[in-house]
Amino acid sequence: MTQPDGKAVRIDAWLWAVRIFKTRTLAAEAVRAGHVKLNGQSVKPAAQVVPGDEVRVFKDHRYRDLEVTATVRKRVGAPIAKQCYVDHSPPPPPMDIFASMPKRDRGAGRPTKKERRETDRLLGRRR
């Protein structure tokens with residue numbers, strides 16, 4: 001059984017090991033695409049993570065702010081994985097917000113500028 005330690009680990013391997021991503025390939029692709037920030041900076045998949053680092057992950061249409069408390073090299077069970085980070089993320093938006101969002105008919109074309117602004121306001125991207 002793998003126990004958490006304080007050694008440096010690749011960010012893609014750590015994200016996979018603590019069950020943020022299902023596969024290491026998905027984790028590496030997310031890092032390469034810029035969906036993962038380490039201490040506020042975009043990094044490559046080989047960047048090293050140590051306890052105390054701040055990791056911000058954009059996944060499933062929301063941001064997760066994680067503080068690294070321990071590092072693991074191998075994938076661990078969910079109870080051990082939760083001990084390896086502290087989640088400072090805001091709670092996910094309630095599902096009724098997504099249900100109340102206007103839906104466009106398939107094939108209706110691109111949204112107009114007005115429709116795009118309304119959608120942005122609803123999602124909280126703009127005021």
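Residue numbers run from 1 in the order of the sequence given.
Applying the salt bridge (Lys or Arg N to Asp or Glu O under 4.0 Å) test to residues at least two apart or on different chains, the pairs with a partner in residues 79-90 are R64-D87. Within the structure, the salt bridge (Lys or Arg N to Asp or Glu O under 4.0 Å) test picks out the following pairs touching residues 24-34 (sequence neighbours left out): D12-R24.
To the nearest 0.5 Å, atom CG of residue D65 and atom CZ of residue R56 are 4.5 Å apart. Remark: L66 CG to W14 CH2 distance equals 5.5 Å, nearest 0.5 Å. Interatomic distance, R116 CZ to D120 CG, rounded to the nearest 0.5 Å: 7.5 Å. Going from atom CD of E54 over to atom OH of Y85 covers 14.0 Å, rounded to the nearest 0.5 Å.
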Show the atom names and distances, to 0.1 Å, of all donor-acceptor pairs under 3.5 Å that link a side chain in residues 15-23 to residues at least two apart or in another chain.
from, atom 1, to, atom 2, distance (Å)
R19, NE, V76, O, 2.6
R19, NH2, V76, O, 3.4
T23, OG1, L26, N, 3.1

Distance-only check: which donor-acceptor pairs under 3.5 Å involve side-chain atoms of residues 41-53, not counting sequence neighbours?
from, atom 1, to, atom 2, distance (Å)
S42, OG, K37, NZ, 2.8
Q48, NE2, A46, O, 3.2
D53, OD1, N39, ND2, 3.2
D53, OD2, V50, N, 3.0

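Scanning for side chain to side chain donor-acceptor pair (under 3.5 Å) contacts around D60 gives an empty result, with sequence neighbours left out. With sequence neighbours excluded, the residues satisfying side-chain contact (heavy atoms from CB on, under 4.5 Å) with A108 are R104, D105. Residues meeting the side chain to side chain donor-acceptor pair (under 3.5 Å) test with H88, sequence neighbours left out: E67. R62 pairs by the salt bridge (Lys or Arg N to Asp or Glu O under 4.0 Å) definition with nothing, not counting sequence neighbours.
Under a 4.5 Å side-chain heavy-atom cut-off, the cluster of Ile, Leu, Val, Met, Phe, Trp and Tyr residues that includes V86 has no other member.
A 4.5 Å side-chain heavy-atom check between V36 and L38 finds every atom pair outside the cut-off. You'll find the side chain of E115 stays beyond 4.5 Å of the side chain of R110, heavy atoms only.
Each of V9, I11, V55 was checked for a side-chain contact (heavy atoms from CB on, under 4.5 Å) with V68, and the lone residue meeting it is V55.
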